[in-house]
Amino acid sequence: MSEHPLLTVRNLVKYHHTPNGRVHAVDHIDLDLHRGETLGLVGESGCGKSTLGRTLIRLHEPDSGEIIHHGTDITHLSRAQMRPFRRNLQIVFQDPFASLNPRRTIRQILSEPFSIHGVGSRIEQPSMVELLIAKVGLHPSFADRFPHELSGGQRQRIAIARAIALEPSTVICDEPVSALDVSVQAQIINLLRRLQDDIGVSYIFISHDLSVIGYLADRIAVMYLGEIVEIAPKAQLWNTPLHPYTQALFSAIAVPEPPSVARNNRVGIKGDIPSPINPPGGCRFRTRCPVAMPICSEASPKLLEAGGGAKVACHLVNGTNTVS
Amino acid sequence: MWFANAKYVLGRVLHGIPIILAIVVVNFFLIRLAPGDAAQVLAGESGAATAEYMRQIREQFGLDQPLWLQFVNYMKNLLVFDLGFSFRHNREISELIMDRLGATALLMGTSMVLSIGFGILLGAIAAVRDRTLLSHVIMILAIVTYATPLFWVGLMLIIVFALNLGWFPTSGIATIGAPVDGFEYAIDVAHHLVLPAIALSFFYMALYTRLMRASMLETLGQDFIKTARAKGLSSSNIVFRHALRNAIIPVLTMAGVQVSAMLGGSVIIESVFGWPGLGLLAYEALFSRDLNLLLGIFFLSSILVVLTNAIVDVIYTLVDPRIRLNGGRHA
Amino acid sequence: MNASKPILDVRGLRTEFRKSRKTWFPVVNDVDFHVSAGETLAIVGESGCGKSMLAHSLLQLLPKRISRLAAGDIWLEGRNIAKLSEEQMRAVRGKDISMVFQEPMTSLNPLMKVGQQIAESIIEHEGCSHDEARRRSVALMDLVGIPEPAVRAGQYPFELSGGMRQRIVIAIALACRPKVLIADEPTTALDVTIQAQVLELIDRLKTEIGMGVILITHDLGVVAEWAQRVMVMYAGRKVEEADVETFFSGPKHPYSAALLASVPRPDAIINGGRVEPLTEITGTVPPMDQLGPGCSFADRCERSADICLAQQPQIEMLSNGARVACLRAGENA
Amino acid sequence: MLSNSAKPTLLRKILSTPTGAIGMALLTTVILLALFASVLFPEGPFEMVGAPFRPPFGEYLFGTDMLGRDIAAGIAYGARISLLVGAVATLVIVLLGTVVGGLAGYYGGWIDTAAMRVTEFFQTIPTFIGAIVIVAVLGPTLPNIIGAIAVVSWAPLARLVRAEVRSVKGREFVEACLSLGMGDMRILVVQILPNVLSTIVVAGSLMVATAILFEAGLSFLGLGDPNIMTWGFMIGAGRSAIRTAWWMVTIPGIAVLLTVLAINLIGDALNEALNPRAKR
């Protein structure tokens, strides 16, 4: 990993305002993304992982904190000032049926990045589009079709093509394979990996599926109710998950192994995910935590180094002397 | 729960206040938009305007004062429900309107109940018996009725049932010279009410039938209906206990929206049937160019819409617990 | 392997959809399977393989206007329910066979209290009093792990979380202690931690009530963890059936094998080093109304031969006990 | 923005349903009648052509009125006005509704709040009475009538467009455009509005029918332009003779009915063609 992170996030906060109250979607988050790496962002619904992804590229306006891209603070740039940075910050969405405009042809959809950023002339663009389609493993004749003529996997390839058209340094992948069948999911995962090797892009890969995240990511950040509870290199996190939530999450993965070889040490966790509108005080996981202590309801734990490149926000792991 | 309910309804009523204020403002400026001298416009183009009347109008509207002062005066008068004086009728406008309110309320209320009731019934039948002859007949009747002008329906009813068959009177609210109270009077009024109420409800019945059918078909295709079937419930149980109540919600919403249109319809129907309500009053005001009266009616009917919408909201909360408990339609 | 007599025994089931006025095409084709009490059979496949159609066919829940049960028998404890009238079928639904659906958000009536939605089923099938039904529905809510069941019974679905709603749906399904529970992707819409809770609940109740469970899913991990036997479907047909241990030790049908290999395995990478690309299955699932005479997987299969395109493979038992419909399964597997 | 290749198929789709075919046939008849009114009845609708109160299907196809005017001529010339009012009022309504609804739905925030308050106002005032007041105050001319109809009816369309724009805006392809740095106007006009168009077309077609009914109602009450022959005016005039000459009110009424029916049928067929989920 290089010394200068591609993307640095400090103290990022994003609340959604709803009629029922303020949703703590992203609550004081720190992150670094390095060149060429894949950072996995995992968590259950309401943990704010999608909001974080969208806020990072200013699809949502952050409430506070800063987002630094290549040394430039892009947190408060205007839309016009932001435009040149968008070449480097792209996103792929979950639903391949909603992420392509049904009224436009694949050619029109894939020309958009080029025309917005003035890349290539009108004469060059058609061949650039066809090249792009080939790059994601489809036949160039797809250019003149409409999205509804494509299968889910093919649409997702087009969505990926649009995101990588300008060879960005960072692509946010927001659950890009969750809506796909297993065999198609494998195709898209392989494609994303191949593109990473080809153009050296960094991914922030958002998913609720730990198997996919574990397969693709170099580092993994675990989110719970708007906060990062643990972040660590993949092997480290996999072998010695420290946070009780990470442990529970990992043990909930159902592995397709014969019962005779599958591990059977399930750490069940009780109860529902609390509402992100009114998260528990102190440690947000304490209401479901099997090892909660009195301190957990009094102070919220900080995300601290726990050795091996891991950072954890847990009183039990960090020791009670870290309370602020 | 009761409290949340009341709070919600109160909120909806308060919501109507700025709208009523806006109508006051529009009323005030509309007259001044008219070509020519406002007093002249208010007095009407006929030569009937006496110098006395013109003076009265100038005084009431304070037309020689600056605009803002005129407006303040206008507002002051409205606050005490002083809508001015109608020289054609030689009475206070507010009195005139109050006199006629009951007849319109009776007509509107009857028509609303008729159109919503039959609309829901016919629409539900058409949906449950989808793709049968019965459903086709209902839907063809609905689409034809939906295209029929109200006043024409009224006239056709008069030609057939009043003039040719003689079953119902052609106009009025009661027989002249008949007793004016008691049971006999009620029967007499009901007898007079039949044709105008049917005429007014026709179009809306068609509208609600179409809406109810679509809504019912959609509801019947939803997952919870499948759950109900998987429980082993009978189809009548599924329709009555599960589908109907869900399907009615969009119809109620539409009925709320349509109140203002229905008031317009009652102007036409009342003038066709000589039903002495607000609509006929408006028609008369139109003919005698009594614009001040017309504006008064416009103002009051707007208030009526706001109030009716509040009533619809109450019904809404009774049907849909999501509103009752969350205090909002967009929960 | 399972000695007990099956509760539900399905033979040669064929469900067809209407293509035009007179022509029909199969969405479930010649499927045999059985479930015993206390056993979970998983039916696996990708979208459009017919697994959900199969589930709906068992209860005859598909719309009659566009679908029909064209052939086959469904034996429920010695009674063939495939031949029952709609009226007779109603007595089976929710009583002998129950179903849990995928979407907890939409599968409950939004305008009815949840307790009432459970009680309804009890009243329908057991004709008990409303008070009795209410008492039993509260007990059921307690059984499926809903805290404060008496309070929750008076709430509406929108007041409950997704996991809680799915528990209500399960309570409805279990209200009359059915012999067979069909769970159609019961946890797909739920979060991982909640998914484990719900599957654990179904597993526990299966033993308590002594019912057979048909678990329909696309998630092979869920199969490995919660089922005893597995049946893989492709293009409306059963292509492989085996007990879970046998299946996950090495599926024999090329489709099952490819499906299993396409699942990402993080632990294998971490413990074994190099990241291999996942196995992909080329091409797409053929539309069910345009199937040829041969094996419907042939044109995507790495091992297909000419004969595969011409001849429909029949289910055969292999030496390891798996039943596989593949002309080449025995050869070099 | 229906693509060029979609246009003929759309027409064919409409004609392929029985409702659409009947609607199209009826509407075409009315349009032809309007176009050739001055050829068929060169003397105009106000000319007294014969004896008063002649019953229909005799010397004159639809009979004559109390002044001996040919009712058939009135029907033909009235068709012009009905179609004109329907078309122009709808055009104004659609323009106003799309602009207000589009901007409110896309930008949200205070623009949305303000726009919704305004539409709420227009939805609360009793529409027909509002139109009566406007025409009564400003004078019964054709532009005033069209304007009055448009002013009191644009709000529901604006709300519909707003709701649709909001829902399309929430789809991920719009976020994809934003993340590419596309400008607001381009997103709204090029990306979102084409997806809302089918809704606008369907609602607009029904709006034509409503506007025709509105105009007929106004002229029935005597608020029509006195220099123009309209169906509503004919019915209104026929009222006084309702006991003797039933055809004077019946025939123009049927004309309104068939025209409105035709447009509604086409609207239904359009809805099915453009909006397949409404089918089944």
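So you know, we letter chains A, B, ... as the sequences are listed, proteins then strands, and number each from 1.
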Engaged part of [X] at the chain C interface, taking heavy atoms whose separation is under 4.5 Å:
{"X": "R194(A)", "result": "neither"}
{"X": "I213(A)", "result": "neither"}
{"X": "I269(A)", "result": "both"}

**OP:** Measure the spacing between NE2 of H218(C) and CD of Q185(A) and express it to the nearest 0.5 Å.
**Re:**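 Reported to 0.5 Å precision, the distance equals 8.0 Å.
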Original post:
Roughly how far apart are T282(C) OG1 and Q187(A) CD, rounded to 0.5 Å?
Top reply: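 One finds 8.0 Å between OG1 of T282(C) and CD of Q187(A).
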If you look at every heavy atom in [X] and [Y], which pair is closest and at what distance?
{"X": "A224(C)", "Y": "P256(A)", "value": "CB-CA, 3.8 Å"}
{"X": "I253(A)", "Y": "E225(C)", "value": "O-OE1, 3.9 Å"}
{"X": "A186(A)", "Y": "T279(C)", "value": "CB-O, 3.4 Å"}

Original post:
Under 3.5 Å, is there a donor-acceptor pair linking the side chains of S183(A) and E280(C)?
Top reply: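 E280(C) and S183(A) do not have a side-chain donor-acceptor pair below 3.5 Å.
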**OP:** Using a 4.5 Å cut-off on heavy atoms from C-beta on, say whether the side chain of V192(C) contacts that of L210(A).
**Re:**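 A side-chain contact is absent here, since even the closest heavy-atom pair is not under 4.5 Å.
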Subject >> Test item: T193(C) and L249(A) side chains (from C-beta on) under 4.5 Å apart, heavy atoms >> reply: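 They are in contact (side-chain heavy atoms under 4.5 Å apart), so the answer is yes.
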Original post:
Relative to chain A, which segment of T246(C) carries a heavy atom at a distance below 4.5 Å: side chain, backbone, both, or neither?
Top reply: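 For T246(C), no heavy atom lies under 4.5 Å from chain A.
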Original post:
Tell me, side chain or backbone of Q197(C) under 4.5 Å from chain A's heavy atoms, or both, or neither?
Top reply: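 The side chain, not the backbone.
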